[in-house]
Protein chains: 2
Amino acid sequence: MNGRVTRSDRVAATRETILVAAERLFAEHGLAAVSNRQISQEAGQGNNTAVTYHFGSKAGLVRAIVRKHTEQVEEIRMRMVLDCDGSTRLRDWIACMVEPFAQHLADLGTPTWYGRFSAQAMSDETYREAVSQEALNSPSLLRAGEGLHRCLPDLPIEVRRERQDMARQLMVHMIAERERALAEGGTTPRDSWHRAAVGLTDALTGLWLAPVTEVGSPAAPETVPHGNA
Amino acid sequence: MNGRVTRSDRVAATRETILVAAERLFAEHGLAAVSNRQISQEAGQGNNTAVTYHFGSKAGLVRAIVRKHTEQVEEIRMRMVLDCDGSTRLRDWIACMVEPFAQHLADLGTPTWYGRFSAQAMSDETYREAVSQEALNSPSLLRAGEGLHRCLPDLPIEVRRERQDMARQLMVHMIAERERALAEGGTTPRDSWHRAAVGLTDALTGLWLAPVTEVGSPAAPETVPHGNA
DNA sequence: ACGTAAGTCATGCGCCTGACTTAAAAGTGG
DNA sequence: CCACTTTTAAGTCAGGCGCATGACTTACGT
């Protein structure tokens with residue numbers, strides 16, 4: 001409550017510095033390519049084992065990065081999910097999954113690294129488990145999932161699971177790709193994170209609404225009812 | 001044309017051994033986590049510089065792996081594209097993109113590694129360029145793209161590009177995930193590569209057909225007041 | 001039949017890594 | 001004000017890495 005700099009403040013600052021440095025290095029060079037030493041140096045720490053000291057291990061560090069952002073995304077999403085309460089429009093619930101992530105990156109301002117970091121962490125055998133655990137067990141995400149399910153009650157359970165995976169992969173990797181394009185100064189088709197999220201939501205809505213082909217039966221109809229867009 | 005084992009036969013065998021070993025190690029541990037030494041040893045080569053010698057660099061090795069499989073996929077896809085000639089069914093062309101990859105993995109028999117390898121290579125900054133170049137400049141793929149375009153002539157060019165990216169990401173990562181599940185002996189929702197491809201094709205058809213939301217005013221603020229400032 | 005060049009092997013060098021040890025610095029609580 | 005704990009700094013160590021080098025083996029062309 002006073003202006004004094006306590007010990008825990010300074011420790012928190014050090015941890016934060018390490019988190020930020022690690023996030024950037026990871027995003028730019030990949031998780032496996034960045035050593036704990038590099039991270040410590042980049043964070044201005046003289047000790048080459050600062051990462052181990054503060055986070056136990058590289059995996060612990062990765063988890064901490066994910067948690068930090070997840071908390072903020074969670075806040076945005078929870079508000080959005082509450083707004084959508086009772087909605088029967090599929091698109092609303094899909095937006096609840098996509099928009100908060102995009103919004104969070106927009107809030108952070110250019111440049112960001114968490115998008116690329118997420119994609120790399122999810123693609124890496126060593127950390128995918130930890131990341132999923134940290135990011136997927138979110139109350140708001142579960143509620144959005146339920147809302148979505150209510151819009152598509154007839155979708156077979158396996159197909160739902162399958163498309164859940166698809167949606168996750170698509171969201172993370174497309175956001176990472178846009179972030180990369182931004183970082184490289186290239187042109188992006190959508191000129192804001194919000195618009196990118198709209199494009200993603202469009203596509204995911206189509207994906208979820210796609211009719212399920214029964215294998216053995218002939219081809220699916222070409223034109224699909226996109227009634228609720 | 002006698003039965004003798006020529007030198008070039010033995011060299012080709014060595015190269016192939018290295019390719020196979022590398023593919024497996026890469027798929028299981030990630031590109032960055034596997035050293036050229038490990039690959040050489042795994043391939044039974046006494047020399048720790050075998051990779052450099054035969055492929056110039058790790059990037060060259062990665063390219064060679066991609067090329068090897070791309071050739072076979074290309075063959076399958078070209079046949080399929082010719083079959084679809086003149087078709088106006090969107091689904092046909094999407095299938096031309098998905099099925100050959102799945103078919104190829106099915107042909108290889110369990111276990112396979114190329115699916116996971118592809119996903120990792122595409123997610124890695126260091127190699128994504130080389131991989132794209134190797135895999136995306138395929139005549140059959142371009143023709144399928146044209147066929148697909150003809151089915152959706154009114155789709156804005158930026159959206160088409162965007163969804164092309166989506167389709168690629170989705171295909172590669174979902175195939176990788178299925179391969180991973182197979183390798184770990186877990187249950188997979190679809191019980192064959194073909195059926196998995198059908199599920200993927202369903203989803204992608206919906207994705208491509210999804211209506212495009214026009215975002216209203218040109219300048220949406222990037223940082224949106226969610227809640228209150 | 002023999003010289004040459006390609007392929008393979010073995011080894012050493014400099015660099016970087018994570019883990020570990022030791023010591024200094026800085027905040028905390030009696 | 002002092003003993004104590006936590007945090008940061010600095011340095012050591014064994015091991016793995018890519019790369020360069022040189023010797024050995026062997027198929028091929030003349």
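None of these values were measured; they are calculated from a predicted model. In what follows, chains carry the letters A, B, and so on, assigned in the order in which the sequence lines appear, proteins first and then strands, with residues in each chain numbered from 1.
Sequence neighbours left out, the pairs with a member in residues 37-81 of chain B that pass ring-ring contact (aromatic ring centres under 6.0 Å, His included) are B:H69-B:H104, B:H69-B:Y114. Sorted by first and then second residue, the pairs that involve residues 164-185 of chain A and meet ring-ring contact (aromatic ring centres under 6.0 Å, His included), not counting sequence neighbours, are A:H173-B:H173. Within the structure, the salt bridge (Lys or Arg N to Asp or Glu O under 4.0 Å) test picks out no pair touching residues 135-144 of chain A (sequence neighbours left out). Residues in residues 123-149 of chain A take part in no ring-ring contact (aromatic ring centres under 6.0 Å, His included) pair, two or more places apart or across chains.
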For each nucleotide in nucleotides 10-16 of chain D, reading 5' to 3', give B when a protein heavy atom comes within less than 4.0 Å of its base, S when such contact involves only the sugar-phosphate, and - otherwise.
BBB----
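Panel note: side chain A:R128, backbone A:M122; a donor-acceptor pair is recorded below 3.5 Å. Checked by atom type and distance alone, the side chain of A:Q120 pairs as donor or acceptor with a backbone atom of A:A27 at under 3.5 Å. Of the possible donor and acceptor atoms, one in the side chain of B:K58 sits under 3.5 Å from a partner among the backbone N and O of B:V34.
Contact annotation: the side chain of A:L19 approaches that of A:L61 to within less than 4.5 Å [non-hydrogen atoms, C-beta and beyond].
Rounded to whole angstrom, the span from the CD atom of A:Q45 across to the P atom of D:dT7 amounts to 12 Å. Protein atom CD1 of A:I39 is 8 Å distant from nucleotide atom P of C:dG18, rounded to whole Å. Going from atom OH of B:Y53 over to atom P of D:dT21 covers 16 Å, rounded to whole Å. As rounded to whole Å, 9 Å separates atom C1' of C:dT17 from atom CG of A:N36. One can place CG of A:L31 at 13 Å from P of C:dG18, the figure rounded to the nearest angstrom.
In this model, the phosphate group of D:dT8 is approached by a side-chain N or O of A:H54 to a distance below 4.0 Å at OP1 or OP2.
Picking from C:dA19, C:dT8, D:dA9 the nucleotide with the shortest atom distance to the side chain of A:T52 gives C:dA19.
Within residues 18-29 of chain A, no residue has any heavy atom closer than 4.0 Å to DNA chain D.
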